[in-house]
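The shown structure was predicted, so the numbers you read here are calculated from the model rather than taken from an experiment.
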Amino acid sequence: MADREDRTQRTGPERQVSRVRHLGRVLAALWRLSLAEAVAYRVSMLMWILTTTFPLVSLALWAGLAEAGPIGGYARADFVAYFVAAFLVRQVTASWVVWELESQIRSGDLSTLLMRPVHPLLHHAMQNLAALPVRVALALPIGILVLALAGGLQVGGAGALLVAPVALALAWSITLNVQICVGALAFWLTSSSSLFEVWLGLYLVLSGAALPTSLYPAGLAEVVRALPFHAALGFPVELIIGRVEGAAIAWGLALQVVWLAVFAGLSAILWRRGVRAYGAVGA
């Protein structure tokens, strides 16, 4: 009874602080649960990582071609550094929301998430974030092994490395919101993940996973480097290995922010309209 009276006597700011603390405790519990789940399924996660080694396949091709001499400013060691960084960046920025969200919408399991104290999209974001330490722990030895066998370790300057975590966070957020956009289409489509396969195909070609985007022909390279695919992979990779500096860093970050705003806004619209349609059919 006293607790109830205490809650009713709290001021507006105090109630807000209480809500924030409660949300923090809920998110911390969700983080611990998701991390434990990621550790429990570490073998499955390792298998998934091994299926996303496309940048390392590209490395074998371009490093071989560069044996005869540099290509577009990339020597063999540069290609090694670039594609190992691309492999690691892809692991750090990966997400799987599109498949989980589609499954939950189709099966009706989303109804359970909607009843929990945490927003379903925040739930998915925390699950993805909690898996990052495990993903990095599994992927980093692979990258180190490739560097040890092929050489080519190089990093950008101190300024670029200080900005790199921001670029990685923005790249992760772009990827997450793209997947939410596509996953939310499951409110209306039978298989929204099929559309994501189209996005993934374009991503592999235009993000820098297959070749550095600067090696595209003049004119086309500028267009490709302004697309969200490059913002989600190529830019943070080039930042880490020191291929961009000065004004180019600011421009790259600005593009990331713009694309994040676009996809975050679109995902919010699709989610709100989708949940209304989902509730209208009594799910």
Can you check whether [Y]'s main-chain N or O pairs, donor with acceptor, with [X]'s side chain at less than 3.5 Å?
{"X": "Q104", "Y": "L110", "value": "no"}
{"X": "S192", "Y": "V182", "value": "yes"}
{"X": "S103", "Y": "E100", "value": "no"}
{"X": "Y74", "Y": "A66", "value": "no"}
{"X": "E238", "Y": "V244", "value": "no"}

Note to self: Taking atom CH2 as the centre, does W188 end up with more than 12 heavy-atom neighbours from other residues, nucleotides or ligands that are less than 6.0 angstrom away?
What the structure shows: yes
Note to self: Taking atom CD as the centre, does E245 end up with more than 12 heavy-atom neighbours from other residues, nucleotides or ligands that are less than 6.0 angstrom away?
What the structure shows: no
Should [X] and [Y] be regarded as members of a common hydrophobic cluster, given that ILVMFWY residues are connected when their side-chain heavy atoms come within less than 4.5 Å of each other, either directly or indirectly?
{"X": "V80", "Y": "L140", "answer": "yes"}
{"X": "W96", "Y": "L200", "answer": "yes"}
{"X": "W172", "Y": "L162", "answer": "no"}
{"X": "W62", "Y": "V57", "answer": "no"}
{"X": "L202", "Y": "V223", "answer": "no"}

State the [atom1]-[atom2] distance between [X] and [Y], to the nearest 0.5 angstrom.
{"X": "L260", "Y": "T175", "atom1": "CG", "atom2": "OG1", "result": "10.0 Å"}
{"X": "Q256", "Y": "L239", "atom1": "CD", "atom2": "CG", "result": "8.5 Å"}
{"X": "H119", "Y": "L114", "atom1": "NE2", "atom2": "CG", "result": "8.0 Å"}
{"X": "L88", "Y": "I240", "atom1": "CG", "atom2": "CD1", "result": "8.0 Å"}
{"X": "L101", "Y": "S95", "atom1": "CG", "atom2": "OG", "result": "10.0 Å"}
{"X": "L168", "Y": "L233", "atom1": "CG", "atom2": "CG", "result": "10.0 Å"}

Distance-minimising heavy-atom pair for [X] and [Y]:
{"X": "S267", "Y": "I180", "result": "CB-CG2, 3.6 Å"}
{"X": "G143", "Y": "F87", "result": "N-CE2, 4.2 Å"}
{"X": "A94", "Y": "N128", "result": "O-OD1, 4.0 Å"}
{"X": "G183", "Y": "I105", "result": "O-CD1, 3.8 Å"}
{"X": "S58", "Y": "F83", "result": "CB-CE2, 3.5 Å"}
{"X": "F235", "Y": "A248", "result": "CE1-O, 4.0 Å"}

Next item on the list: Could you tell me how the ring of W199 sits relative to the ring of F229: parallel (under 30°), tilted (30 to 60°) or perpendicular (over 60°)?
Entry: tilted
Margin query: Which label fits W271 and F187: parallel for a plane angle under 30°, tilted from 30 to 60°, or perpendicular past 60°?
Written below: perpendicular
Notebook entry, point to check: Are H124 and L176 close enough, and set up right, to give a side chain to side chain contact (heavy atoms under 4.5 Å, CB included), and what steps lead you there?
Noted result: CA-CA 9 Å; H124 284 296; L176 178 74; 5.6 Å; no
Check: Within 45° of the axis and under 6.0 Å from the centre of the six-membered ring of Y216, does NZ or CZ of R225 qualify?
Finding: no
Next item on the list: Would you sort out whether L189 and L195 count as a side chain to side chain contact (heavy atoms under 4.5 Å, CB included), showing the intermediate values?
Entry: CA-CA 10 Å; L189 303 177; L195 293 178; 3.6 Å; yes
Quick one, [X] and [Y] - any side-chain contact, counting heavy atoms below 4.5 Å?
{"X": "S173", "Y": "F263", "answer": "no"}
{"X": "L56", "Y": "I142", "answer": "yes"}
{"X": "Y203", "Y": "P228", "answer": "no"}

